[in-house]
Visitor: 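Before anything else, here's the structure in question.
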Amino acid sequence: MNQQMKPLNPIKSPAFLQKLQWVANPVGYMENAVLEYPDIFSANIFNSENKLVFVNHPQAIQEILTNDRKKFSAPGEYNGILKPIIGDYSVIMLDGENHRKRRQLVMPSFHGERMKAYGDLIVNLTKKVMDSIALNQHFLARSAMQEISMQVILQSVFGLYDGTRCQQLKDLMGKMSEIFKSPFSSSFLFFPFLQKDLGAASPWGSFLRQRSSVDQLIYAEIAERRENPDPNRIDILSLLMSARDEQGQGLTDKELRDELMTLLFAGHETTATAMAWSLYWSQHVPETSEKILNEINTLGDNNDPVSLSKLPYLTAFCNETLRINPVAMLTFPRVAQEQVEILGYQIEPQTIIMGCIYLVHHREELYPQSKQFKPERFLERQFSPYEFMPFGGGVRRCLGEALAIFEMKLVIATILSNYQLSLVDSKPEIPRRRGVTLAPAKGVKMVITGKRARQERVMVTTA
């Protein structure tokens with residue numbers, strides 16, 4: 001048989017059963033599949049007549065992502081699972097030239113001097129939230145990190161620091177996030193027939209009413225900004241409202257709403273999860289927190305946010321967290337525009353292809369003993385964007401990556417250098433579906449056992 005004619009490694013279980021497995025236990029689904037087909041396999045988990053191919057070989061992922069807009073397209077319609085939350089006009093839902101232009105419009109909000117302006121904000125919010133937790137009282141790291149990330153989003157994105165609208169947005173977004181906190185409740189996103197409004201007490205009915213309330217608050221904020229423009233504001237909403245494309249056109253209210261909902265959900269939920277995993281690993285492998293403290297101590301009084309964010313071991317620690325527990329499991333879908341060959345397999349036109357981030361991050365030849373937490377991997381070797389890709393890649397790479405990793409480093413450094421922590425449960429945390437992401441199944445139950453004085457931050461370096 002010609003190599004190009006090999007069958008594309010289909011998972012053999014029935015489609016509906018595959019979908020149930022994918023919703024209930026995505027890690028188990030992927031790990032079982034890769035045992036049989038190590039590099040590439042075809043799945044049947046979405047409602048599509050097109051074939052769906054999972055790829056986790058770096059060479060194949062590079063071939064796909066470097067040919068965005070050429071051999072492959074990245075159509076927004078295949079991100080429809082997110083449509084009930086983020087709407088039709090977010091950058092995630094756009095295609096082709098519209099998508100390119102929107103990225104150009106939005107990208108400047110997350111880079112340069114604006115990032116530095118958010119540094120002190122992140123540090124101060126972290127201390128505020130952690131100081132509100134009583135000593136020796138059990139708390140869920142996932143919930144605490146959610147509180148921090150929500151306040152960072154409200155202040156950096158909306159420029160809202162207090163007031164009724166700020167509190168209402170915070171409360172509503174928290175409730176909406178909790179709707180999809182488990183595999184069971186997440187099933188509403190994957191099975192459209194469950195999306196029935198059966199009244200305010202029903203899960204989907206509750207979601208729709210909360211979404212409507214959030215929309216009212218967002219549109220009210222946009223209206224006020226349009227009536228009273230302030231060129232000195234540096235929050236992302238103000239920057240988006242002032243942005244203009246090549247034709248001098250700005251974003252409509254609906255486009256602004258959808259971008260803001262994307263930032264609220266994607267920026268808040270994913271960052272909170274990544275930070276919760278970081279706190280877990282800092283205590284589950286305690287020598288890592290000692291090394292972070294030693295490194296912070298080398299800065300002396302020069303531990304400003306930008307200097308903290310450049311520390312090599314802290315960076316490696318955060319990278320290893322994102323490697324071993326990637327929040328996003330898959331890249332956004334690509335669709336073959338022509339017949340192509342990948343790893344010796346023939347890919348037919350209109351085949352949907354997704355890079356499997358989780359499986360790439362657990363390839364043993366790249367990351368020996370991949371289930372072990374070893375930040376040193378990132379000090380000993382430089383990984384390509386197709387070997388380490390927690391924020392996806394190509395034209396769909398996460399726009400908020402710089403802000404997310406900046407926030408993650410500052411929050412972890414601030415917590416470890418000011419608070420003594422301990423895990424309540426010695427059993428390992430495992431990843432579980434939360435919406436379209438993977439989060440700690442038990443939320444990482446912790447306790448603050450004490451606070452660190454300045455002189456206590458110096459730790460004895462282990463040999």
Side-chain angles (χ1 to χ4, degrees), residues 106-133 141-171 173-174 177 217-218 221 224-225 230-242 259-276 278-279 292 296 299 301-311 314-315 318 398-419 451:
V106 176
M107 183 72 81
S109 302
F110 294 95
H111 291 276
E113 291 301 313
R114 296 184 182 99
M115 289 292 298
K116 295 180 183 178
Y118 302 141
D120 290 334
L121 167 70
I122 293 167
V123 171
N124 292 334
L125 284 175
T126 301
K127 290 179 180 177
K128 177 184 174 184
V129 170
M130 296 303 291
D131 283 343
S132 71
I133 300 171
R142 179 67 179 59
S143 300
M145 297 306 98
Q146 198 166 9
E147 176 71 15
I148 292 170
S149 66
M150 173 59 79
Q151 292 199 37
V152 169
I153 287 289
L154 287 174
Q155 295 189 23
S156 65
V157 174
F158 284 85
L160 295 176
Y161 293 83
D162 50 36
T164 303
R165 187 174 296 154
C166 179
Q167 189 60 46
Q168 288 175 332
L169 259 178
K170 182 177 147 187
D171 292 344
M173 290 303 299
S177 297
L217 293 170
I218 290 176
E221 186 67 25
E224 280 188 18
R225 300 286 182 94
D230 181 352
N232 297 316
R233 296 189 71 138
I234 62 167
D235 56 85
I236 291 172
L237 172 56
S238 295
L239 296 170
L240 289 177
M241 292 183 72
S242 64
E259 293 296 353
L260 291 171
M261 285 297 286
T262 300
L263 292 171
L264 277 168
F265 261 94
H268 155 236
E269 274 286 297
T270 55
T271 307
T273 293
M275 295 190 303
S278 291
L279 287 182
I292 291 172
I296 293 171
L299 294 175
D301 293 328
N302 300 317
N303 60 345
D304 60 280
V306 173
S307 298
L308 282 170
S309 71
K310 293 178 179 177
L311 290 172
L314 176 62
T315 299
C318 291
C398 176
L399 277 168
E401 173 182 357
L403 179 58
I405 196 72
F406 187 58
E407 180 180 346
M408 186 178 176
K409 290 176 182 179
L410 295 186
V411 169
I412 297 308
T414 301
I415 291 175
L416 293 183
S417 57
N418 287 279
Y419 308 90
K451 295 187 178 181

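Every heavy atom of this structure was used, including side-chain atoms; hydrogens, water molecules and symmetry mates were not.
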Visitor: Within this structure, what is the CG-CG distance for the pair Leu263 and Leu154, rounded to the nearest 0.5 Å?
Guide: 11.5 Å

Visitor: How many angstroms lie between CD1 in Ile218 and CD in Glu259, if you round to the nearest 0.5 Å?
Guide: 11.5 Å

Visitor: If you look at every heavy atom in Thr271 and Ala404, which pair is closest and at what distance?
Guide: OG1-CB, 3.8 Å

Visitor: Please report the interatomic distance NZ(Lys170) to CD1(Ile153), rounded to the nearest 0.5 Å.
Guide: 14.0 Å

Visitor: To check you understand the geometry: which heavy-atom pair defines the closest contact between Ala272 and Ser149, and what is its length?
Guide: CB-OG, 3.4 Å

Visitor: Nearest 0.5 Å, please: how far is OG in Ser309 from CG in Leu410?
Guide: 6.0 Å

Visitor: Apply the side-chain hydrogen bond (donor to acceptor under 3.5 Å, both in side chains) test between Tyr419 and each candidate in Thr126, Asp131, Thr414; give the one that qualifies.
Guide: Asp131

Visitor: Rounded to the nearest 0.5 Å, how far does CE of Met173 lie from CE of Met150?
Guide: 5.0 Å

Visitor: With a 4.5 Å limit on heavy-atom distance, are the side chains of Cys318 and Ile405 in contact?
Guide: yes

Visitor: Does Ser242 use its side chain to pair, donor to acceptor, with the backbone of Leu239 at less than 3.5 Å?
Guide: yes

Visitor: Assess the residue pair Gln146 and Met275 against the criterion (side-chain contact (heavy atoms from CB on, under 4.5 Å)); give the C-alpha distance rounded to whole Å, side-chain angles, the decisive distance to 0.1 Å, and a yes or no.
Guide: CA-CA 9 Å; Gln146 198 166 9; Met275 295 190 303; over 6 Å; no

Visitor: Roughly how far, to the nearest 0.5 Å, is the CE atom of Met408 from the OG1 atom of Thr315?
Guide: 10.5 Å

Visitor: Are Leu169 and Glu221 side-chain neighbours, meaning at least one heavy-atom pair lies under 4.5 Å?
Guide: no

Visitor: Taking the side chain as everything from C-beta on, heavy atoms only, tell me whether Val129 gets closer than 4.5 Å to Leu125.
Guide: no

Visitor: Kindly indicate whether the side chain of Glu147, heavy atoms from C-beta on, has any atom under 4.5 Å from the side chain of Ile133.
Guide: no

Visitor: With side-chain contact (heavy atoms from CB on, under 4.5 Å) as the criterion, how do Lys128 and Asn124 come out once you've worked through the C-alpha distance, each side chain's angles and the decisive distance to 0.1 Å?
Guide: CA-CA 6 Å; Lys128 177 184 174 184; Asn124 292 334; over 6 Å; no

Visitor: What pair of heavy atoms forms the shortest contact from Gln155 to Leu121, and how long is it?
Guide: OE1-CD1, 2.6 Å

Visitor: Less than 4.5 Å apart, side chain to side chain, heavy atoms only: is that true for Val157 and Leu264?
Guide: no

Visitor: Step by step, work out the side-chain contact (heavy atoms from CB on, under 4.5 Å) result for Tyr118 and Val152.
Guide: CA-CA 8 Å; Tyr118 302 141; Val152 169; over 6 Å; no

Visitor: Ile296 vs Leu311, test: side-chain contact (heavy atoms from CB on, under 4.5 Å). Steps then yes/no.
Guide: CA-CA 8 Å; Ile296 293 171; Leu311 290 172; 3.9 Å; yes

Visitor: Identify the two heavy atoms, one from Met145 and one from Ala276, that lie closest to each other, and give their separation to 0.1 Å.
Guide: CG-N, 3.7 Å

Visitor: Quick check against the 3.5 Å criterion: does Arg233 have a side-chain atom that pairs as donor or acceptor with the backbone of Gly159?
Guide: yes

Visitor: Can you confirm whether Lys409 sits close enough to Lys310 that some side-chain heavy atom of one is under 4.5 Å from a side-chain heavy atom of the other?
Guide: no

Visitor: Write down the atom of Ala413, the atom of Ser417, and the distance for their closest heavy-atom approach.
Guide: O-OG, 2.6 Å

Visitor: Testing the basics here: between Cys166 and Tyr161, what is the closest heavy-atom pair and its distance to 0.1 Å?
Guide: SG-C, 4.1 Å

Visitor: What do you reckon, is CG of Asp162 surrounded by more than 12 foreign heavy atoms closer than 6.0 Å?
Guide: no

Visitor: Output yes when a side-chain donor or acceptor of Ser307 lies under 3.5 Å from a complementary backbone atom of Asn303, and no otherwise.
Guide: no

